[in-house]
Participant: 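Before I ask anything, let me first share the structure, which is written out below as structure tokens.
Start at 1 and go down the list; that is how both ligands and their atoms are numbered.
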Amino acid sequence: MKILVINSGSSSLKYQLFDYDNKKVIAKGLCERIGIADSNFKHEDASGRVINEGRSFESHSDAVRTMIDTLLDPEAAVIESLDEIAAVGHRIVHGGPYFSKPTEMTQASKDAVRKCYPWSPLHNPANLTGVEVCEKLMPGIPQVGVFDTAFHQTMPSEAYMYGLPYRYYEDHGVRRYGFHGTSHAFVARRAAELTQCEGEQHRLITCHLGNGSSFTAVKGGKCIDTSMGLTPLEGIMMGTRCGSIDPAIVSFIAKLDGDEAKDVDYIMNHESGVRGISGVSSDFRDLHAAASQGNDRAKLALRMFCYQAVKIIGSYIAALGGVDSIVFTAGIGENDDVVRQTICDGLRYLGLIIDEELNRSTRGKEVKISTDESSVEVFVIPTNEELSIAIQTVEVLGLV
Ligand code: AMP
């Protein structure tokens with residue numbers, strides 16, 4: 001059985017085709033700069049074919065058509081007919097309060113995705129465009145939406161409500177939704193398989209540390225709290241996002257610069273975080289390089305990031321009533337041993353001990369980095385959001 005996974009952004013479309021029986025990717029590609037000059041097409045597949053060339057993509061339809069033609073190309077023989085694709089799973093960023101699980105895309109579910117546009121004005125319209133184009137160009141193949149927010153729908157109201165007048169929640173849906181749910185769900189499921197702890201009682205904290213970063217407190221496999229909020233700006237400071245700050249700073253900056261609120265929005269999303277502090281880069285590799293050259297602001301950015309991580313993890317230990325396992329995942333979590341070590345050092349009071357040598361040598365592979373004496377199991381688990389979308393698509397359609 002073959003499952004196609006689509007991540008349709010405002011100007012790009014990524015895809016992976018899985019041979020679901022062995023969970024292997026048999027083709028993947030990226031259509032970049034859709035609707036912009038100098039569009040580009042990248043593709044590679046199990047036949048060994050690699051494409052990386054300029055192509056004109058005036059619309060998402062062009063991109064999907066190119067993907068289909070490339071998959072069907074008889075020379076590479078990835079697939080002979082679209083009928084071989086059992087379903088298409090689409091990443092959809094915001095499911096609001098409407099989606100607590102992956103859902104087959106019908107008129108009603110597409111209308112509900114539209115209702116989430118105010119909370120995700122950049123992503124949701126692009127995600128839905130991907131669904132609609134695939135419906136048109138691959139008629140008869142079920143299309144499933146897998147939502148970044150869905151995993152967090154089990155949060156209790158005391159965790160998802162903000163201390164604002166209740167009408168903002170009732171009338172405008174202002175509440176914590178959380179993001180990166182597909183990744184948190186994937187590593188939480190894997191951690192449950194790896195750990196010795198009892199399912200219902202298992203207290204887990206998942207740390208998705210990438211260009212965007214978020215934490216989730218998971219009890220017995222269910223999310224009870226998460227650090228991102230109504231938007232992906234809340235929580236820890238990130239590559240270019242400020243994370244949680246005193247909300248009064250927004251109007252303070254707006255008045256200071258005479259800027260419009262949307263400009264403050266831009267500053268908080270694109271000019272802040274470790275890049276804003278260091279003045280160097282949003283990429284942690286650059287920060288470490290600058291810090292090792294003695295750049296004090298790069299060192300400060302790294303210290304702030306790890307300090308905030310320890311504080312959020314500490315708050316989730318309180319929320320969970322203790323912790324059995326912690327998982328690091330995503331670009332920084334999987335690759336940055338210095339950040340992992342610093343965060344784990346801040347949690348030593350728990351009796352958490354990691355094997356420093358093993359941690360240093362672990363990059364992008366699944367490893368338990370805590371020692372047998374440690375009171376908390378610490379894992380590095382590479383995330384795989386595309387595979388997670390494929391698995392959820394198959395499960396919701398009952399294809400296995
Ligand atoms: P992601 O958003 O999960 O793709 O993560 C991207 C981020 O991971 C980059 O911006 C880097 O900050 C970080 N990253 C990737 N590789 C490394 C590495 N080898 N060491 C430190 N940070 C890394």
Side-chain angles (χ1 to χ4, degrees), residues 5 7 9-10 12 14 16 25 28 30 32 42 91 93 122-123 148 151 178-188 190 206-216 226-228 231-243 269-293 295 297-309 312 327-345 354 356 358-367 369 379-389:
V5 173
N7 185 348
S10 52
S12 70
K14 279 189 223 160
Q16 289 197 6
V25 177
K28 64 178 178 181
L30 168 64
E32 289 173 297
K42 290 183 187 154
R91 177 186 183 213
V93 167
L122 294 181
H123 293 106
D148 282 8
F151 182 60
F179 296 88
H180 294 142
T182 307
S183 171
H184 287 293
F186 183 81
V187 298
R190 186 68 194 128
T206 52
C207 314
H208 176 110
L209 309 181
N211 200 30
S213 295
S214 67
F215 298 77
T216 295
T226 192
S227 60
M228 284 180 166
T231 74
L233 190 54
E234 196 182 346
I236 192 171
M237 67 192 288
M238 307 173 210
T240 60
R241 286 174 244 170
C242 61
N269 276 291
H270 300 287
E271 296 180 349
S272 301
V274 294
R275 185 163 94 193
I277 291 292
S278 68
V280 171
S281 170
S282 60
D283 192 306
F284 276 56
R285 289 163 288 199
D286 300 336
L287 292 182
H288 288 299
S292 67
Q293 306 278 316
N295 184 316
R297 276 170 48 191
K299 288 184 198 169
L300 172 62
L302 288 165
R303 280 206 314 277
M304 286 173 68
F305 183 83
C306 294
Y307 176 69
Q308 292 185 14
I312 294 171
V327 174
F328 289 102
T329 193
I332 300 162
E334 291 168 30
N335 296 297
D336 193 328
D337 59 289
V338 177
V339 164
R340 284 194 306 253
Q341 178 75 57
T342 312
I343 294 172
C344 289
D345 284 349
I354 60 166
E356 297 191 6
L358 186 57
N359 176 52
R360 235 189 317 276
S361 60
T362 296
R363 287 224 186 310
K365 16 179 232 281
E366 186 178 284
V367 179
I369 55 170
F379 299 97
V380 176
I381 301 180
T383 193
N384 191 336
E385 290 174 90
E386 290 77 16
L387 178 58
S388 179
I389 291 171

Participant: Would you say the side chains of His288 and Asp336 form a donor-acceptor pair under 3.5 Å?
Facilitator: yes
Participant: To check your reading of the model: name the closest protein heavy atom to atom 5 (O) of ligand 1, its residue, and the distance in Å.
Facilitator: Gly331 CA, 3.3 Å
Participant: Within a distance under 4.0 Å of any heavy atom of Ala330, pick out the atoms of ligand 1 and give their elements.
Facilitator: 3 (O)
Participant: In the protein, which heavy atom is nearest to atom 18 (C) of ligand 1, and how far is it?
Facilitator: Asn335 CB, 3.4 Å
Participant: Aromatic rings His180 and His208: how do their planes relate, parallel, tilted or perpendicular, breaks at 30° and 60°?
Facilitator: parallel
Participant: Under 4.5 Å between any side-chain heavy atoms of Thr329 and Thr206, yes or no?
Facilitator: no
Participant: Just so I know, are the side chains of Asp337 and Arg340 near enough to count as touching, which here means a heavy-atom distance under 4.5 Å?
Facilitator: yes
Participant: What atoms in ligand 1 come closer than 4.0 Å to a heavy atom of Gly210?
Facilitator: 1 (P), 2 (O), 3 (O), 5 (O)
Participant: Give a yes or no answer on whether the side chain of Glu334 reaches the backbone of Thr383 with a donor-acceptor pair at less than 3.5 Å.
Facilitator: yes
Participant: What protein heavy atom sits nearest atom 22 (N) of ligand 1, and how far away is it?
Facilitator: Phe284 CB, 3.7 Å
Participant: Among all protein heavy atoms, pick out the one at the shortest distance from atom 20 (N) of ligand 1; state its residue, atom name and that distance to 0.1 Å.
Facilitator: Arg285 CG, 3.5 Å
Participant: Please check if a non-hydrogen protein atom sits closer than 4.0 Å to atom 8 (O) of ligand 1.
Facilitator: yes
Participant: With Ala185, which residues qualify under side-chain contact (heavy atoms from CB on, under 4.5 Å), at least two apart?
Facilitator: Phe151
Participant: Does the side chain of Val187 come within less than 4.5 Å of Phe328's, by heavy atoms?
Facilitator: no
Participant: Looking at Asp336, which atoms of ligand 1 are within less than 4.0 Å of one of its heavy atoms?
Facilitator: 21 (C)
Participant: From the options Val339, Ile332, Asp286, Asp283, select the one whose nearest heavy atom is closest to atom 10 (O) of ligand 1.
Facilitator: Asp283
Participant: Starting from atom 6 (C) of ligand 1, locate the nearest protein heavy atom and write down its residue, its atom name and how far away it is, to 0.1 Å.
Facilitator: Asn211 N, 3.8 Å
